[in-house]
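Structure first, commentary second.
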Amino acid sequence: MDGNNNTAAKREKRRRQKEKSRVLILIGAIVSGTLVYYHCAYRGASVVSLISDVLIVLLCSLAILGLLFRQLTIQVPVDPLEWQISQDTANSIVAWLANTIGAAESVFRVAATGHDKRLFFKVVISLYILSALGRLVSGVTVAYAGLCLFCLYMLAETSQSVSQFLRGRNGNTDTSEQDIM
């Protein structure tokens, strides 16, 4: 019996650690998105300027740390050669990007032929809404709002209390519908 309790406790601990890491990733995404929004929207800078600023800060920080470690005769805790991604990882990232672009191109091709009227109207309405939204607000604002909504959705998905509330509500709805029938 203790073996089962130990296993259940370990699973619960792993689940909590996984949930905690997801929450930290979402908080990091919100903070990063906020900084990108501030840099691009309020300062009026471009994305190229943002990327160059980030690379400058990283380069200067690493140079200062390297000099500090050399002065204090401390060995670098992480080998910079380990920071490289593998060839398989690079290939999978490029394959994912190619598949995403190919799927979008395929949807546009089918919509443009006119064979699927529902798809055509969905694409036209989506593009019209995006066009109207682009006229009202800047693209950075839309991207930031999308990031915030996505993070809230992911937070709700990973949060145990929200998930239990939604499962309980859906479960009660299903049983009441079965009782009516």
Side-chain angles (χ1 to χ4, degrees), residues 6-62 64-65 76-104 107 122-123 125-127 129-174:
N6 250 353
T7 306
K10 286 180 182 178
R11 270 190 261 138
E12 180 66 22
K13 185 177 178 182
R14 254 186 269 128
R15 187 193 58 76
R16 284 186 183 170
Q17 286 175 342
K18 196 181 267 188
E19 183 177 320
K20 185 178 179 181
S21 68
R22 287 181 182 167
V23 169
L24 289 175
I25 288 171
L26 290 174
I27 289 171
I30 288 176
V31 168
S32 299
T34 303
L35 292 173
V36 169
Y37 181 74
Y38 166 75
H39 186 83
C40 293
Y42 285 116
R43 287 186 54 204
S46 67
V47 175
V48 174
S49 172
L50 170 72
I51 292 171
S52 65
D53 286 349
V54 167
L55 290 177
I56 288 170
V57 168
L58 285 175
L59 180 66
C60 291
S61 300
L62 290 174
I64 290 170
L65 280 175
V76 178
V78 177
D79 184 16
L81 294 177
E82 293 177 7
W83 294 351
Q84 297 176 356
I85 62 172
S86 68
Q87 187 69 31
D88 292 338
T89 305
N91 288 340
S92 65
I93 290 170
V94 171
W96 173 82
L97 184 63
N99 287 339
T100 303
I101 292 171
V107 167
K122 284 180 184 178
V123 169
I125 289 170
S126 299
L127 290 175
I129 289 171
L130 287 175
S131 173
L133 191 62
R135 285 187 210 118
L136 294 175
V137 293
S138 71
V140 177
T141 304
V142 173
Y144 181 65
L147 174 71
C148 289
L149 290 174
F150 175 73
C151 287
L152 286 174
Y153 170 76
M154 292 302 293
L155 191 64
E157 283 289 316
T158 59
S159 175
Q160 184 179 8
S161 59
V162 173
S163 297
Q164 286 177 351
F165 172 74
L166 292 176
R167 277 191 226 126
R169 199 174 94 195
N170 289 341
N172 292 340
T173 305
D174 292 338

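For reference, positions follow the sequence shown, starting with 1.
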Is the closest basic N to carboxylate O distance between R16 and E19 below 4.0 Å? no
By side chain to side chain contact (heavy atoms under 4.5 Å, CB included), which residues pair with T34, not counting sequence neighbours? I30, Y144
Verify side-chain contact (heavy atoms from CB on, under 4.5 Å) between V31 and L35, making sure each step is shown before the conclusion. CA-CA 6 Å; V31 168; L35 292 173; 4.3 Å; yes
Residues forming a side chain to side chain contact (heavy atoms under 4.5 Å, CB included) with L127, sequence neighbours excluded: F108, V123
Output, in order, the C-alpha distance, side-chain angles, deciding distance and verdict of side-chain contact (heavy atoms from CB on, under 4.5 Å) for K20 and Q17. CA-CA 5 Å; K20 185 178 179 181; Q17 286 175 342; 5.6 Å; no
Sequence neighbours excluded, which residues qualify as side-chain hydrogen bond (donor to acceptor under 3.5 Å, both in side chains) partners of T89? S86
With R14 as partner, the option from R11, E12, K18 fulfilling side-chain contact (heavy atoms from CB on, under 4.5 Å) is R11
Across all chains, not counting sequence neighbours, the side chain to side chain contact (heavy atoms under 4.5 Å, CB included) partners of I51 are V47, L55
Once you round to the nearest 0.5 Å, how far does CG of L97 lie from OG of S92? 11.5 Å
Excluding sequence neighbours, so at least two apart, what forms side chain to side chain contact (heavy atoms under 4.5 Å, CB included) with V23? I27, L155, T158
